[in-house]
Enquirer: 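Handing you a structure now.
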Number of protein chains: 2
Amino acid sequence: MSQNLTEADLSHLQEALNRSGQKVTPQREAVFQVLLAKRDHPTVDEVFNRAREVMPGLSLATVYNCLETFVGCGLVRQVNHERESTRYCPNLAPHAHFRDKATGRVHDIDLPPEVLSSLRSILPPGFDSETIEISFHGRAQSGEARSN
Amino acid sequence: MSQNLTEADLSHLQEALNRSGQKVTPQREAVFQVLLAKRDHPTVDEVFNRAREVMPGLSLATVYNCLETFVGCGLVRQVNHERESTRYCPNLAPHAHFRDKATGRVHDIDLPPEVLSSLRSILPPGFDSETIEISFHGRAQSGEARSN
DNA sequence: GGTGAGATTTTGACTCATTCTAAATTGAAT
DNA sequence: ATTCAATTTAGAATGAGTCAAAATCTCACC
Ligand SMILES: [Mn+2]
Ligand SMILES: [Mn+2]
Ligand SMILES: [Zn+2]
Ligand SMILES: [Zn+2]
């Protein structure tokens, strides 16, 4: 379960933090490790509980801080569905989210470049978009429902 | 400004409420009127303040109740961006939302059927989507920024 | 290997949009 | 008129997220 970060993942973390002038800390390593270990779009509380297993003294505020830092340097994305608790996703490829009505689980849906550009094309002139969020809501067959 | 509901809008309201076994009340008429009068995706508080001008005794809880009722019978859509307050939209045509970073305003973006179906097509087999939400975030030239 | 400045973490208080509860009011049907 | 369910209302409660201030850590520098 609680694998350490691979060499590659650690240097990804280091590089992104350095790039924005911030330090690698044990707490940030632990939180990042949790996100990579199980890519199921955990809430802050879920991250907190998982990270505490490996670092018992960790505080909830620090988890909020770490996740905000990661979002700020582009290491993870925030995922919101309606007014539910914010979830976090370390998948940096362009993708949409599918939330399963039955289980509440969130699945990554790959977003091909041509669909992305057809989406951009619906913006009238004068609208300059920096980010696009796409979320589906419905039912997923349990066979498909591997927890990502 | 505070026009009354047109005959057509009132019967739209009546029909939708009847269909789901609920009553037309003065409060529901006032809240619905507010949504139709200025289609700028108001928050609950904005709806509350506008509606109070025409019905001073109205309570905030009732505005929450009315809006929930309207969402339930398909008269309006909820619009969420990140963790900001929920906004409400009476535009029933398929459309995406563009939130202007600078002003916070939300604009409707028409969603052509072919783009909608190209989006549906990215779902792998086994995923059955009931709703899709698409939101852009960026800057809109002020010329384009009529408040819808 | 110390020192000090700045970054990070921690705790606990706080905010505020939303939800809940229970009492009052309304209104349609008999 | 009476009744009963639906609706409205005021106010309390909830809970994810934020903030402020003190404690701790890191690391460049000596
Ligand atoms: Mn969420
Ligand atoms: Mn919103
Ligand atoms: Zn994702
Ligand atoms: Zn809209």
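Order of the sequence lines fixes the chain letters, A, B, ..., with proteins taken first and strands second; residue numbering starts at 1 for each chain. Keep in mind that what you see is a predicted model, and the values were worked out from it rather than measured.
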Enquirer: Can you tell whether the side chains of B:R77 and B:D108 come within less than 4.0 Å, N to carboxylate O?
Expert: no

Enquirer: Measuring from atom CZ of B:R50 to atom CG of B:D40, what distance do you get when rounded to the nearest 0.5 angstrom?
Expert: 4.0 Å

Enquirer: Take atom OH of A:Y88 and atom P of D:dA16, then tell me their distance rounded to the nearest Å.
Expert: 13 Å

Enquirer: Quickly work out the A:R87 CZ to D:dA16 C1' distance and round it to whole Å.
Expert: 13 Å

Enquirer: Which ones in residues 18-26 of chain A lie close to DNA chain D, meaning a heavy atom under 4.0 Å from one of its atoms?
Expert: A:K23, A:P26

Enquirer: What residues from residues 62-71 of chain A pass a heavy-atom cutoff of under 4.0 Å to DNA chain C?
Expert: A:T62, A:N65

Enquirer: Walk along DNA chain C from 5' to 3' and tell me the first and last nucleotide with an atom closer than 4.0 Å to a non-hydrogen atom of chain B.
Expert: C:dA17 to C:dT19

Enquirer: Judged by modelled atom types alone, do A:T62 and A:S59 share a side-chain donor-acceptor pair under 3.5 Å?
Expert: yes

Enquirer: Return whichever of A:A61 or A:D45 has its heavy-atom-nearest nucleotide of DNA chain D closer to the 5' end.
Expert: A:D45

Enquirer: Quick one: pull up CZ in A:F32 and CG in A:L10 and give me the separation to the nearest 0.5 Å.
Expert: 9.0 Å

Enquirer: State which residues pass side-chain hydrogen bond (donor to acceptor under 3.5 Å, both in side chains) with B:R139; sequence neighbours excluded, sorted by chain then number.
Expert: none

Enquirer: Return yes if a side-chain donor-acceptor contact under 3.5 Å exists between B:T86 and A:R83, otherwise no.
Expert: yes

Enquirer: Which residues pass the ring pair (Phe, Tyr, Trp, His ring centres under 6.0 Å) test with A:H95, not counting sequence neighbours?
Expert: A:H97

Enquirer: For residues B:S129 and B:R120, is any side-chain donor paired with an opposing acceptor at under 3.5 Å?
Expert: no

Enquirer: Of all residues at least two apart in sequence or in a different chain, which pass the side-chain hydrogen bond (donor to acceptor under 3.5 Å, both in side chains) check with B:S11?
Expert: none

Enquirer: Mind checking whether A:F136 and B:F127 have ring centres under 6.0 Å apart?
Expert: no

Enquirer: In whole angstrom, what separates B:L17's CG from D:dA6's P?
Expert: 14 Å

Enquirer: Need one value for A:L60: base, sugar-phosphate or nothing, where a base atom within 4.0 Å counts as base even if backbone is also close, heavy atoms only.
Expert: nothing

Enquirer: Hey, would you say the A:Y88 and A:H41 ring centroids sit under 6.0 Å apart?
Expert: no

